[in-house]
Colleague: 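Would you mind keeping the following structure in view while I ask a few things?
The sequence lines fix the lettering, A, B, ..., with proteins before strands; numbering per chain opens at 1. Reckoned from all heavy atoms, side chains included, excluding hydrogens, waters and symmetry mates.
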Amino acid sequence: MFFRFFKNLSKSLTLLFIFVATPSLNADWFDLNMTRGTTEISNEVFELHMLIFWICVVIGLLVFSVMFYSMWAHTKKKNPVPATFHENHKLEIAWTIIPFLILIAMAVPASKTLVKIYDDEAGDINIQVTGYQWKWQYRYLEDDVSFFANLSTDLDEIYNLVPKGENYLQEVDEMVVIPVGKKVRFLITANDVIHSWWMPAFAIKQDAIPGFVNTAWTVVDNPGIYRGKCTELCGKNHGFMPIVVKVVEQDEYDEWVFNKRQEAIKLAELTTKDWSTAELMERGQTVYEVNCVACHQTEGQGISGIFPALAGSEIALYEKDRHIEILMEGVQGAAMNSFDYLSEVELAAVITYSRQAWGNAEAGDGEIVIPKDIVDYKEPKI
Amino acid sequence: MTWIWATRMSGGSYYVPDQSRFPIFMAFSLFVLVMGASSTINNLDDPTSNSVYILYFGFACLFTTLFFWFRQVIKEHLAGLDSNQLKQSYVYGMAWFIFSEVMFFAAFFGALFYVRTLAVPWLAGEGEKGIGIAAVEMWQGFESTWPVIVTPDQGDGYVLAKKSMAWPGWDHALEWLPLWNTIVLLSSSVTVHFAHLGLKDGNRKKFNRFLGITVTLALIFVGLQAAEYYEAYAYYGLTLNSGIYGSTFFMLTGFHGFHVLMGGIMLAIMLARSVFAGHFEEHDHFGFEAASWYWHFVDVVWVMLFLFVYIL
Amino acid sequence: MSAVIENHHDEHHHGPAAGITRWLFTTNHKDIGTLYLWFSFAMFLIGGAMAMIIRAELFQPGMQIVEPEFYNQMITLHGLIMIFGGVMPAFVGLANWLVPMQIGAPDMALPRMNNLSFWILPFAFFILLSSLFMEGGAPNFGWTFYAPLSTTYAPPSVTFFIFSVHIMGASSIMGAINVVVTIMNMRAPGVGLMKMPLFVWSWLITAYLLIAVMPVLAGAVTMMLMDIHFGTSFFNAAGGGDPVLFQHIFWFFGHPEVYIMILPAFGIVSHIIETFSRKQLFGYSSMVWAMLSIAILSFVVWAHHMFTVGLPLAAEIFFMWATMLIAVPTGVKVFNWVATMFRGSITFETPMLFAIAFVVLFTIGGLSGLMLAIVPADFQYHDTYFVVAHFHYVLVPGAIFSIMAAVYYWIPKWTGNMYDERLGKLHFWLSFIGVNVTFFPQHFIGLAGMPRRYPDYALQFADWNMVSSVGAFLFGFSQLLFLFIVLKTVMGGKKATDQVWEGARGLEWSVASPAPYHTFSTPPKID
Ligand code: HEA
Ligand code: HEA
Ligand code: CUA
Ligand SMILES: [Cu+2]
C-alpha cells in the first residue's frame with residue numbers, strides 16, 4: 001500500500017510540475033543557491049554556507065535512511081514481533097557527543113569569519129547611509145557629496161500596465177559609486193523606522209536603526225553594478241527601496257565626485273534666482289512625487305486615518321508659516337518627519353506645489369513660497 | 001527523584017465544581033474593559049469622546065464579577081467543599097502566579113539594565129557601538145551619565161528634568177522619601193508576618209491588630225509614593241516625558257506602586273473578613289496566606305527598586 | 001449561584017448540561033478542550049485564508065490583488081493568528097483533553113479558571129480582527145512588531161492590538177498555571193514524575209516556559225503603549241532609549257515562544273510513534289532531559305533573531321554557540337524516535353503518517369535553523385525567504401502536523417467513532433505534497449535573495465514563487481478535507497474500541513470510548 005502511494009505521489013508531482021512549468025519557460029529555474037558575491041568576505045561566507053549546507057544534508061540523509069530502512073524492513077508484515085530494547089547508554093552517549101563535535105567543527109570557522117567581518121577601523125572612504133521611508137540617503141563624509149536614491153521603476157510596471165523591465169524593482173535614480181580596491185566603510189543609520197541595508201554581493205546586511213549607527217565595510221575588486229534591497233520591514237513601501245552600488249575605477253570615481261560637487265554648487269545658486277510660480281510648480285511636482293506621494297498620495301488625498309489629505313488641508317490653504325514649519329521640523333510622534341535635508345529650492349517648490357495643486361490655490365489663499373522664505377526660516381533676521 | 005509535591009497525593013474523592021457563570025462574565029468584563037481602555041487612550045486628545053464610560057463600565061463589570069466569584073469560593077470553602085487537594089492547587093496556583101509577576105517586573109528591570117549599561121553609553125559615542133555614532137557626529141554633546149538628565153536630543157523633543165530621584169547624600173537623607181518608603185514597606189513585611197504568627201497561635205486579636213497595622217503601612221506607602229510623584233512632577237520637572245530616566249523610573253515605581261495597592265486591598269479584604277465575619281482558622285487560612293505571600297513579593301521588588309532605581 | 005452548595009456531589013456529576021450553557025458555563029476539561037480545539041481550527045482557517053491572500057499576491061511579480069499597505073496587514077495578522085490563535089490554543093485544547101486522563105485526574109486543577117482562560121480568547125481575537133475595519137487599518141508591522149514602526153509610525157489600531165495581546169497573554173498564563181498545577185497536584189497515586197506520559201512532561205515544561213515569558217511580552221507591549229501615548233522613550237534614542245531594546249525584550253519572549261509551539265508536538269509524536277511501532281519508546285528519560293535542556297537553553301539564545309542589528313562581537317559569538325547547542329538535545333529526540341521505529345512492528349495509519357512526516361520535515365526545518373544560527377551566513381539569510389522556509393517547516397509540518405496527528409490519534413477516544421481511514425490518508429498525502437511544494441522552493445528564493453515581507457519582487461524569483469503559491473492553494477484546500485473528516489467522525493462512524501490502537505498504552509486508553517464525561521472520580525490504580 002505504501003508503494004501505491006509513492007506511485008501516486010510521483011504522478012501528482014509530475015503533473016504539478018508540468019502545470020506550473022509551462023507558463024514560465026523563460027525561467028531562471030536554476031537560481032537555487034546563494035550567490036558567491038564578489039568580495040573576499042562574500043566568498044568566505046559562501047564557502048561557509050556550502051560547508052554547513054553539506055553537513056546538514058549528510059546528517060539528514062543518515063537519519064532519514066535509517067528511518068526509511070525501518071519503515072521498509074520493520075513493518076508489521078515483515079516483522080510481526082517487535083524488539084523490546086528501549087535503552088542503550090553507549091549509543092545515547094555517542095549520539096550526544098558526535099553531534100556536539102560536528103557543531104564545533106561548524107562553529108569554529110564561522111567564528112573566524114565573523115571576527116574578520118567585525119573590523120571597526122575607519123575606511124579609505126566613509127559613507128553614511130541613512131534609511132528613510134522609503135529611500136536611501138548617501139553622504140560621503142570626506143567629499144561633501146550627498147544625495148538620495150529612490151526606486152526608479154515606473155508605477156505602471158508595478159501595476160502590470162506595461163511590461164516589466166529587466167531590473168524591475170532593482171533600479172534607482174542615483175547609484176552609489178565607489179572605487180575598486182579601496183576600503184569603503186558604510187555608517188548605517190535611519191531617520192524614521194528601522195531599515196536594513198543589504199548588499200548580497202558584499203555579504204553586508206546591517207540594520208539601519210534610528211538614533212544609532214552601525215558600521216560595515218567592504219573592499220571590491222571587480223568593477224560592476226551590484227544590486228541589493230532593504231530587508232527590514234519599514235512600512236508600506238518596504239519592498240520598493242532597492243540599493244544599487246556601482247563600482248568603478250579610481251579615476252572614474254574622482255570624476256564622479258567632481259561632477260557631484262559641481263551640481264551641488266549649481267543648486268546653491270538656484271536659491272538666489274527669481275522663481276515664477278510655474279517654475280516652482282513644475283519642480284515641486286517632481287519633488288512631491290519622489291518624497292511625499294507615498295503617504296499623501298498622488299492627488300494629495302492622503303490615506304484616511306493614517307496620512308492626512310493635503311488637498312483642502314487648513315495648513316495648505318491658509319497657514320503658510322506652519323506649512324514651512326511642518327516641513328522643516330516634522331510632526332513629533334507622527335510619521336511626518338522633518339524634510340530639512342531637501343534643498344531650499346526643493347522645499348519651496350514642494351510647498352508651493354501643495355498649496356497650488358488639487359484646487360488648493362482656488363480654495364485657499366494660494367500663497368506661494370520661494371527659496372528665500374526657507375533661507376529666512378533657517379536663519380531668522382532679528 | 002523525589003520532589004516535594006510527589007508525596008502530597010490525596011486519597012479521597014475529587015471535588016469538581018459545578019458549571020459556573022463567573023468565568024464568561026469575567027472574560028466579557030475584560031473585553032469591555034480593554035475596548036474601553038483602548039478607545040479612551042486613542043481619544044485622549046478629543047474632549048468630546050465618551051469612550052471612558054465604556055472603560056468605567058468594564059471596571060464595574062470586572063469588580064462585580066470578582067466580588068461574586070470570590071464570595072462563591074469563600075462560601076464553598078466555609079461549606080467544607082474544597083478538599084485538601086484543591087487547597088493545595090490554590091497554593092501552587094498562587095506561587096506560579098507570583099512567578100509570572102516576577103517575570104513581568106523582570107522585563108522592566110531588564111530594560112533598565114540594558115539602557116544603563118549599554119544604550120546610554122553607546123549613544124554618547126562610547127564602546128563598540130559608539131564608534132559609528134562618533135564618526136557621524138550624532139548626538140553631539142550628549143554625555144553618558146546615570147541618571148540621564150540631559151537626553152541625547154538635548155531636550156529637543158523631551159522635556160528635561162531638573163533633578164533626579166537618586167540618593168541625595170547623607171546630608172539630605174532624612175528628607176528623602178524613598179528611604180521612608182523603604183522603612184515603611186520593610187516593617188509592613190514584618191507586621192504581616194506577626195499577624196500570620198498570631199493567626200497560627202489562634203490569637204485573633206493579635207492577628208487583627210497586626211494586619212490592621214500592615215494595611216495602614218500600605219496606605220502610608222501609597223501616600224508617600226503619591227507625594228513623591230507630586231514632588232517629581234511639580235518641583236523636579238521629572239515626568240514620563242523627560243527621557244529614559246523618567247521612563248524607567250515611573251514605570252518601575254509605578255507598577256510597583258500599583259502592586260502595593262493591589263496587595264494592600266487584598267490584605268484589607270482579609271482584615272475585613274476576619275473582623276466582620278470571623279473567617280480564617282489556625283490551620284486553614286490560605287486566602288490570607290496568599291495575600292501575605294503577595295505582600296512579601298511586593299516587598300522584595302521594592303528592595304530591588306531601592307537598590308537599582310534609587311541608590312546605584 | 002449557591003446551587004453548588006446545596007446539592008453538591010451526587011446528582012449532577014454525570015453528564016453535560018443541556019443546551020448552549022454547557023459550553024458557556026462549563027468547567028469540564030473535555031468540553032473546554034473541545035472549545036479550544038474548535039476555536040483554534042477556526043483561527044487556522046482564518047489565518048490560512050490570509051496566507052492564501054499573501055500567496056495569491058505573490059503568484060506573479062507586480063501588484064495585482066492587494067495594496068502594499070494591506071499586504072502588510074495580512075502578514076501581520078497571519079503570523080499573529082496562526083501562532084496565538086492557531087497553534088497555542090490547539091495545544092492547550094489537547095492538554096485539556098489529555099493531561100487529566102493521562103495522569104488519572106478527574107479534571108483540571110482549577111476548572112473555573114480553565115473556562116475563563118478559554119473565553120478570553122474569542123474576545124481577544126475579535127478585537128484583533130476588528131482592527132481590520134478601523135481607521136488606518138489593522139496592525140501592519142509584522143508579527144514581531146518592531147519599534148518604532150509599531151509605535152510612532154503605527155496606525156491607531158495598535159492600541160487595540162496592545163490590549164488584545166494583554167488579555168491573550170493573561171489567558172495563556174492562566175491556562176499554563178492550570179496545567180502546571182494539575183500536573184503537580186493531581187496525579188493519581190503511583191504516577192511518579194518519571195512515569196508521566198511524555199505528552200504530560202512536554203506540557204509541564206511548556207507551561208513553565210509560558211509562565212516565564214508571557215509576562216515579558218506583556219511588559220514589551222506595555223512599554224510600547226507608554227511610548228505611543230504617554231511620552232516615554234524606551235524605544236527612542238532621542239530620549240536615551242533604544243529601538244533594539246524592544247527586540248531584546250520581544251525575542252526574550254519570542255524564542256521560548258517557538259519552543260512553546262514545538263515541545264507539545266514532541267510529546268504527541270513520541271506517543272504516536274511508540275504506538276504504531278508497537279515498541280516501547282526508546283530513551284524515555286533522555287527524552288525528558290532533552291526537553292528540559294531545550295527549555296533552559298531557549299532562554300539564552302534570543303539574540304539569534306537579531307544578528308544583523310549590530311550586536312557587539314562577543315554577543316554574536318555567544319548567541320551563535322548557544323543556539324547551535326540546541327541541536328544536541330533536539331538531535332537526541334530525533335534519534336530516539338528513529339530508534340523507537342527501528343525493529344518495531346510498524347503500521348502506517350494516518351496518525352503515524354503524520355508523525356513520520358513530522359520527524360522528517362521538522363528535521364529539515366531544524367537543520368535549516370542550524371544554518372541560520374551561523375552568524376556570517378545569517379547575514380545573507382536573515383529576513384529572506386530562507387527564514388520563511390525554515391520556520392514554516394518547523395511550524396506547519398511541525399506544529400500543525402503534530403496537531404493533526406493528535407486529532408486522528410485521539411479522536412476515537414473523544415468521539416467513540418473511528419475516522420475514515422481512506423480519507424485520512426488522502427488528507428495526509430495532499431497535505432504532505434502541498435506543504436513541500438509550498439515551502440521547499442522558498443529555500444531557493446531565499447538563497448537567491450528575495451527578502452521576506454515583500455508584496456512584490458524582482459523577476460528572477462518569479463518561477464519558484466508561482467510553484468510555492470500553487471502548493472499553498474493545494475495545501476489550503478486539503479484542509480477543508482480535514483474539516484470534513486472531523487465532522488464526519490463526530491457525527492458517526494465505526495465504533496472505536498476502548499484501546500483503539502493495538503499498540504496504545506497509557507491511562508487514557510483504559511477508559512471507555514468515548515471517554516465518560518468525568519473520567520476518574522476516584523483515583524485509578526497504577527501499578
Ligand atoms: C516551532 C518553531 C521553531 C523551532 C522548533 C525552531 C528551531 C530552531 N530555530 Fe527557528 N525560527 C522560528 C521557529 C522555530 N525555530 C520562527 C517562527 C522564526 C522566525 C521568526 C521571525 O523572524 O518572524 C525562526 C527564526 C530562526 C532564526 C533567525 C533567523 C533570522 O531571522 O535570520 C534562527 C537563527 O539562529 C533560528 C534557529 C533555530 C534553531 C537552531 C533551531 C533548533 O531548535 C533546531 C534544532 C533541530 C535540529 C538541528 C534538527 C534535528 C537534529 C539532528 C538530526 C541532530 C544532528 C544535528 C546536528 C549535529 C547538526 N530560527
Ligand atoms: C503556526 C504558524 C503558521 C502557519 C500554520 C502558517 C501557514 C502558512 N503560511 Fe505563514 N507565517 C507564519 C506562521 C505560520 N504560517 C509567521 C509567524 C509568518 C511571519 C509573519 C511576519 O512576517 O510577520 C508567516 C509568514 C508567511 C509568509 C511570508 C510573508 C512575507 O514575508 O511576505 C508566507 C508566504 O508564503 C506564508 C505562507 C503560509 C501558507 C501558504 C501557510 C499554509 O500552511 C496555510 C494553510 C491553511 C489554510 C489555507 C486554511 C485552511 C483552508 C481554508 C480556509 C480553505 C479556503 C482557502 C483557500 C482560498 C484555498 N506565511
Ligand atoms: Cu526600508 Cu524596508
Ligand atoms: Cu529563535
Colleague: Does Glu40(A) have more than 12 heavy atoms from other residues, nucleotides or ligands lying within 6.0 Å of its CD?
Modeller: no
Colleague: Would you say the side chain of Phe212(A) lies within less than 4.5 Å of the side chain of Met138(B), judging by non-hydrogen atoms?
Modeller: no
Colleague: Please indicate whether Glu128(B) has more than 12 foreign heavy atoms, meaning atoms of other residues, nucleotides or ligands, lying under 6.0 Å from its CD.
Modeller: yes
Colleague: Can you measure from CG (Asp156(B)) to CD (Glu329(A)) and round to the nearest 0.5 angstrom?
Modeller: 8.0 Å
Colleague: Restricting to non-hydrogen atoms, name the atom on Asn214(A) and the atom on Lys129(B) that form the minimum distance, rounded to 0.1 Å.
Modeller: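 Scanning both residues completely, I find the closest heavy atoms to be OD1-CE, 3.6 Å.
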Colleague: What distance do Leu187(A) atom CG and Ile133(B) atom CD1 have between them, rounded to the nearest 0.5 Å?
Modeller: 11.0 Å
Colleague: Please say whether more than 12 non-hydrogen atoms of neighbouring residues, nucleotides or ligands are located less than 6.0 Å from CZ in Phe258(B).
Modeller: no
Colleague: Is it the case that the side chain of Trp139(B) and the backbone of Gly211(A) share a donor-acceptor pair, with hydrogens and angles ignored and the cut-off at 3.5 Å?
Modeller: yes
Colleague: Counting only heavy atoms not in Tyr118(A), do more than 12 sit closer than 6.0 Å to its OH atom?
Modeller: yes
Colleague: Check the surroundings of atom CE in Met262(B): do more than 12 heavy atoms from other residues, nucleotides or ligands lie under 6.0 Å from it?
Modeller: no
